[in-house]
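Values reported hereafter were calculated over all heavy atoms of this structure, with side chains retained and with hydrogens, waters and symmetry mates removed.
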Amino acid sequence: MSVDGDSSPLSSSGSDDFAALLNEELAGISSDESLEEEADETDQDHDGEEEEVNEELNVEDADFAAKRSKRQRLDTLDDDEGLHCSTSLEPVSQSSDVSVQLEICAHPSLIKGMCVKCGRMVDDVSAVALGYIHKDLKVGSDELARLRNKDLKSLFRKKKLYLVLDLDHTLLNSTHFQHISPDEEYLKNQTDSLQDLPNGNLFQLDSMRMFTKLRPFVRTFLKEASNMFEMYVYTMGERPYAMEMARLLDPGKIYFDSRVISQADCTQKHQKGLDVVLGAESAVIILDDTEYVWRQHKENLILMDRYHYFSSSGRSFNLNNRSLSELKRDESEPDGALATILGVLKRIHQLFFDLEQDDDLMRRDVRQVLKTVRSEVLK
């Protein structure tokens with residue numbers, strides 16, 4: 001399956017200003033040509049100023065004024081609620097002994113290597129690619145820290161934390177048509193309509209030639225968890241698959257919206273990382289059935305019991321027993337894994353926002369709460 005690079009703008013709680021301003025700027029600086037056209041328009045409005053500056057510059061620096069005009073035009077887009085760009089003034093001495101004040105841009109965000117603030121091409125190896133938010137988007141480390149801090153404050157006002165959810169074996173189970181066993185052939189006649197996603201749990205996806213079974217209790221789980229958490233999907237599957245599974249789970253785009261992270265978004269091979277999540281690590285809980293993909297974030301992880309509905313799923317983990325589908329049964333909704341984990345999440349949320357605590361919320365760490373809950377379970 002090929003990877004689709006296009007995605008919707010971000011709609012995370014504290015970052016609406018980032019997405020809105022980014023989209024506005026993209027309309028004006030998506031190419032070098034559009035930048036040149038806008039610079040020309042600005043030049044016409046400031047002919048007198050440009051002539052004075054150009055007289056004082058060397059011939060080889062004659063294009064300085066046009067670049068300066070482009071920066072002036074882009075600077076008007078910035079405000080306290082938009083893309084922040086820390087700047088400083090630096091005197092540049094020209095051969096004519098004239099000092100010109102140059103504005104130094106911190107290049108907060110890049111599209112195809114072009115700074116959305118000043119329009120320059122930048123090679124920032126430390127910038128993090130966030131393609132699931134906007135195609136070809138990279139965000140600098142300082143800007144990412146600012147966005148996370150802003151989003152966290154907004155989330156805490158709603159008494160919420162972040163919840164990162166794996167797909168396969170955690171929320172659902174999928175298998176290709178050719179991998180179903182003879183005892184699973186009956187499933188072809190028991191799939192639910194794709195026109196009624198909110199009420200279905202077993203789907204036949206002809207475009208991907210696969211069956212997908214949602215885990216029992218998953219819809220109730222997502223509904224109740226959404227009152228306590230801002231949720232992300234994070235899968236090692238390819239993007240088309242991730243988007244289709246998110247559509248089955250959240251047809252109304254209530255829970256995830258554009259917060260769907262796939263294999264192409266990972267910054268380390270065979271590893272998942274919170275570096276691409278717009279959430280502070282101190283407020284993130286992860287639900288996944290696989291521990292080794294979260295080597296850097298084990299303290300944030302709650303390990304899930306794997307959901308093996310189809311026989312091919314069990315075989316991939318060297319399980320030889322008959323699958324749930326072959327036995328024509330399923331996990332219990334009230335006593336299954338998701339219902340149990342929901343109770344644990346409620347406990348974590350309660351402890352984190354305990355009114356008896358008098359310290360600053362921004363200084364609390366959900367990983368410490370997880371340690372407390374784990375010790376309670378062991379007892």
Original post:
Heavy-atom distance under 4.5 Å between the side chains of M243 and R239, does that happen here?
Top reply: yes

Subject >> Between CG on residue L161 and CZ on residue R364, distance to nearest 0.5 Å >> reply: 10.5 Å

Original post:
Can we say R347 and E376 salt-bridge, meaning some charged N sits less than 4.0 Å from an Asp/Glu carboxylate O?
Top reply: yes

Subject >> Heavy-atom side-chain contact between I261 and V233 under 4.5 Å >> reply: no

**OP:** Check whether the ring centres of F156 and F352 lie less than 6.0 Å apart, and answer yes or no.
**Re:** yes

**OP:** With rounding to the nearest 0.5 Å, note down the distance linking CG in L278 to CD in E230.
**Re:** 9.0 Å

Subject >> F310 six-ring centre to K213 NZ/CZ under 6.0 Å and within 45° of normal >> reply: no

Original post:
Is a side-chain N or O of S375 found less than 3.5 angstrom from the main chain of T372, in a donor-acceptor match?
Top reply: yes

Original post:
Roughly how far apart are K112 NZ and K138 NZ, rounded to 0.5 Å?
Top reply: 13.0 Å

Subject >> Side-chain donor/acceptor of Q204 to backbone N/O of M210, under 3.5 Å >> reply: no

Subject >> Contact check, side chains of I285 and V366, non-hydrogen atoms, under 4.5 Å >> reply: yes

Original post:
Just by modelled atom types, is the P108 backbone N or O under 3.5 Å from a matching donor or acceptor in the E143 side chain?
Top reply: no

Subject >> Atom pair CD1 (I286) and OH (Y232), whose distance is rounded to the nearest 0.5 Å >> reply: 12.5 Å

Subject >> Trace of the side chain to side chain donor-acceptor pair (under 3.5 Å) decision for H308 with S313 >> reply: CA-CA 6 Å; H308 296 298; S313 176; 2.7 Å; yes

**OP:** Could you state whether L205 and L171 fall into the same hydrophobic cluster, counting links through intermediate Ile, Leu, Val, Met, Phe, Trp or Tyr residues with side-chain heavy atoms under 4.5 angstrom apart?
**Re:** yes

Subject >> Euclidean distance, S323 OG relative to R315 CZ, rounded to 0.5 Å >> reply: 8.0 Å

Subject >> Salt bridge R148-E281, side-chain N to carboxylate O under 4.0 Å >> reply: no

Subject >> L110 and M121: CA distance, side-chain angles, deciding distance, side chain to side chain contact (heavy atoms under 4.5 Å, CB included) verdict >> reply: CA-CA 8 Å; L110 312 173; M121 298 304 294; over 6 Å; no

Subject >> Short side-chain to backbone donor-acceptor contact, H297 and L274, under 3.5 Å >> reply: yes

**OP:** Compare all side-chain heavy atoms of L187 with those of L202 and state whether any distance is below 4.5 angstrom.
**Re:** yes

Subject >> F211 vs F203, ring-ring contact (aromatic ring centres under 6.0 Å, His included): CA-CA, chis, key distance, verdict >> reply: CA-CA 6 Å; F211 294 104; F203 301 100; over 10 Å; no

Subject >> A242: side-chain contact (heavy atoms from CB on, under 4.5 Å) partners, not counting sequence neighbours >> reply: T235, V260, S262

Original post:
Is there a donor-acceptor contact under 3.5 Å from the side chain of H349 to the main chain of K159?
Top reply: yes

**OP:** Answer yes or no: is there a side-chain heavy-atom contact under 4.5 Å between L370 and I348?
**Re:** yes

Original post:
How far apart are the C-alpha atoms of S109 and K117, what are their side-chain angles, what is the distance that settles it, and do they pass the side chain to side chain contact (heavy atoms under 4.5 Å, CB included) test?
Top reply: CA-CA 7 Å; S109 305; K117 176 68 181 177; over 6 Å; no

Subject >> T212, T175, N173 screened by side-chain contact (heavy atoms from CB on, under 4.5 Å) with Y309, the one that passes >> reply: N173

Original post:
Checking Y132 side chain against V276 main chain: does a donor-acceptor pair fall under 3.5 Å?
Top reply: yes

Subject >> Y234 side-chain N/O to G273 backbone N/O, donor-acceptor pair under 3.5 Å >> reply: yes

Original post:
Are F229 and I302 connected in the hydrophobic side-chain network, where two residues link if heavy atoms are under 4.5 Å apart?
Top reply: yes

**OP:** For L214 and G200, work out which heavy atoms get closest and say how close.
**Re:** CD1-O, 3.9 Å

**OP:** Return yes if a side-chain donor-acceptor contact under 3.5 Å exists between N300 and Y162, otherwise no.
**Re:** no

Original post:
Of D250, I254, L165, L163, which is the lone residue that meets side-chain contact (heavy atoms from CB on, under 4.5 Å) with L222?
Top reply: L165

Original post:
With side chains defined as the heavy atoms from C-beta onward, is the minimum distance between M208 and S174 less than 4.5 Å?
Top reply: no

Original post:
Should we say atom CD of Q296 is surrounded by more than 12 heavy atoms from elsewhere, each under 6.0 Å from it?
Top reply: no

Original post:
Cluster partners of F317, using ILVMFWY side-chain heavy atoms under 4.5 angstrom, listed by chain and number?
Top reply: L319

Original post:
Is E224 reaching over with its side chain to a backbone N or O of F221, donor-acceptor style, under 3.5 angstrom?
Top reply: no

**OP:** Walk me through it: do S325 and Y186 pass the test side chain to side chain donor-acceptor pair (under 3.5 Å)?
**Re:** CA-CA 9 Å; S325 59; Y186 75 96; 5.2 Å; no

Original post:
Would you find more than 12 non-hydrogen atoms of other residues, nucleotides or ligands less than 6.0 Å from Q268 atom CD?
Top reply: no

Original post:
Partners of R306 by salt bridge (Lys or Arg N to Asp or Glu O under 4.0 Å), sequence neighbours excluded?
Top reply: D289

Original post:
Is the backbone of H169 close enough, under 3.5 Å, to the side chain of R215 for a donor and an acceptor to pair up by distance?
Top reply: yes

Subject >> Minimum-distance pair of heavy atoms, taken over all atoms of K253 and D257 >> reply: CD-OD1, 3.9 Å

Original post:
Under 3.5 Å, is there a donor-acceptor pair linking the side chains of D265 and Q263?
Top reply: no

Original post:
Looking at CG of L324 and CD of E331, how far apart are the two atoms once the value is rounded to the nearest 0.5 Å?
Top reply: 7.0 Å

**OP:** Return the minimal non-hydrogen interatomic distance between A280 and V284, and the atom names on each side.
**Re:** O-CG2, 3.1 Å

**OP:** Check whether any side-chain heavy atom of L287 sits under 4.5 Å from a side-chain heavy atom of L301, and report yes or no.
**Re:** no

**OP:** Would you sort out whether R120 and C105 count as a side chain to side chain contact (heavy atoms under 4.5 Å, CB included), showing the intermediate values?
**Re:** CA-CA 9 Å; R120 293 176 178 173; C105 180; 5.8 Å; no

**OP:** Mind running side chain to side chain contact (heavy atoms under 4.5 Å, CB included) on Y307 and D168 for me, showing each step along the way?
**Re:** CA-CA 8 Å; Y307 180 51; D168 295 285; over 6 Å; no

Original post:
Does R367 come within less than 4.0 Å of D365, counting only side-chain N to carboxylate O?
Top reply: yes

**OP:** Of all the heavy-atom pairs spanning S332 and P334, show the shortest one and how long it is.
**Re:** OG-CD, 3.2 Å

Original post:
Looking at A283 and L152, what are the two nearest heavy atoms and their distance?
Top reply: CB-CD1, 3.6 Å

Original post:
So, the side chain of S154 versus the backbone of K150: is there a donor-acceptor pair under 3.5 Å, distance only?
Top reply: no

Original post:
Which heavy atom of Y241 sits nearest a heavy atom of L172, and at what distance?
Top reply: OH-CD1, 3.7 Å

**OP:** Could you go through the side chain to side chain donor-acceptor pair (under 3.5 Å) check for S181 and D183 one step at a time?
**Re:** CA-CA 5 Å; S181 69; D183 289 339; 5.3 Å; no

Subject >> Joint hydrophobic cluster, L342 plus V344, side-chain heavy atoms closer than 4.5 Å >> reply: yes

Original post:
Is the shortest heavy-atom distance from the side chain of M304 to the side chain of D166 under 4.5 Å?
Top reply: no

